[in-house]
Participant: 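First the structure, which I've put down as C-alpha cells, then a few questions once you've had a look.
All values derive from a computational prediction rather than experimental measurement.
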Amino acid sequence: PYRMKNLNKMIRILPIFFLTVMLFAQKNQDEITGIWEFQTITTIFISYPNEDTMTEKNINDRETLTFRADGTFSYRGIYENVDAAGIGLWNISGDMLTLNVNNQKVVSQYECKKGILLLSVNEAETDDYYESNSIIKYKKSIISPKANKKNKTSK
C-alpha cells in the first residue's frame, strides 16, 4: 500500500513537472525571439598580462540578429568594414544558446533581461590566439506599429 501511494503521487506530480519544464523552455524561447541590435563586445584575452578590448556599435561595427520562433535566425552586419550576413538555426538548453551556421556551432551562455541580451562566449587557446572570454551585449529592437502602418499606407 505504501508503494502504491508513492506511485499515485508520482503519477499526479509528473505531468505537472513536465508542464512546468515545457512552459519554462517556451518562456525562454519567447523572450529571445525578435530583432536584436548589437551594442558592445568586451573581450578579455587570457595572456600575460591579461589584455582586454571593447568595441561599441559604430559605422564599421554593427550587427542585427533576428531570432524566429521556428528555431531559425539570421544576422546581418558589418565587422571591421566587412559586410557579413547569414542564416542558421538556434536552440536553447538551460542557460546555453547554441547558434549553428554553415555547420559551425557557437555555444554561449546567455542572459536575457529587460530587453538586453548578453552572450558570454569562451574561446580556447590556439596556436594563433590566446584563450579569451567575450561578453556581447544586444538591445531588443522595438518596431513601432505606427511606423509599420505608415509604411503599408504609403505604398
Participant: Checking F38 now: which residues fulfil ring pair (Phe, Tyr, Trp, His ring centres under 6.0 Å) with it, not counting sequence neighbours?
Facilitator: none
Participant: Kindly work out whether a path of hydrophobic side-chain contacts (I/L/V/M/F/W/Y, heavy atoms less than 4.5 Å apart) joins I32 to V121.
Facilitator: yes
Participant: According to side chain to side chain donor-acceptor pair (under 3.5 Å), does anything in residues 66-75 pair up with another residue at least two apart or in another chain? List the pairs.
Facilitator: R68-S74, D70-T72
Participant: Is K139 atom NZ crowded by more than 12 heavy atoms from other residues, nucleotides or ligands, each under 6.0 Å away?
Facilitator: no
Participant: Compute the centroid of each ring, for F67 and then for W90, and state whether the two points are separated by less than 6.0 Å.
Facilitator: yes
Participant: Any non-hydrogen side-chain atom of E125 less than 4.5 Å from a side-chain atom of I46?
Facilitator: no
Participant: Could you list the residues that satisfy salt bridge (charged side-chain N to carboxylate O under 4.0 Å, His left out) with E56, not counting sequence neighbours?
Facilitator: none
Participant: Counting only heavy atoms from other residues, nucleotides and ligands, does the tally under 6.0 Å from OH of Y79 exceed 12?
Facilitator: yes
Participant: Atom OG1 in T43, atom CD1 in I136: separation rounded to 0.5 Å?
Facilitator: 7.5 Å
Participant: Taking everything shown except N102 itself, do over 12 heavy atoms lie less than 6.0 Å from its CG?
Facilitator: no
Participant: Counting neighbours of CD1 on I87 that are heavy atoms of other residues, nucleotides or ligands and sit closer than 6.0 Å, is the number greater than 12?
Facilitator: no
Participant: How about Q104 and V106: do any of their side-chain heavy atoms sit closer than 4.5 Å?
Facilitator: no
Participant: Between the main-chain N or O of E80 and the side-chain N or O of N60, is there a donor-acceptor pair closer than 3.5 Å?
Facilitator: no
Participant: Mind checking whether L99 and L118 sit in one hydrophobic cluster, side chains of I, L, V, M, F, W, Y counted as touching below 4.5 Å?
Facilitator: no
Participant: Taking atom CD of E31 and atom CD of E111, what is their separation to the nearest 0.5 Å?
Facilitator: 9.5 Å
Participant: Of all heavy-atom pairs between I92 and Y110, which one has the smallest distance, and what is that distance?
Facilitator: CD1-OH, 3.5 Å
Participant: Can you tell if the side chain of K140 reaches within under 4.5 Å of the side chain of L117, non-hydrogen atoms only?
Facilitator: no
Participant: Quick check against the 3.5 Å criterion: does K57 have a side-chain atom that pairs as donor or acceptor with the backbone of E63?
Facilitator: no
Participant: Judged by atom type as modelled, is there a donor-acceptor pair below 3.5 Å linking the side chain of S93 to the main-chain atoms of M96?
Facilitator: no
Participant: What is the minimum heavy-atom distance between W36 and G115, and which atoms define it?
Facilitator: CZ3-O, 3.5 Å
Participant: What is the distance from atom CD of E131 to atom OG1 of T126, rounded to the nearest 0.5 Å?
Facilitator: 11.0 Å
Participant: Can you tell me how far apart CD1 (I41) and CE (M54) are? Round to the nearest 0.5 Å.
Facilitator: 10.5 Å
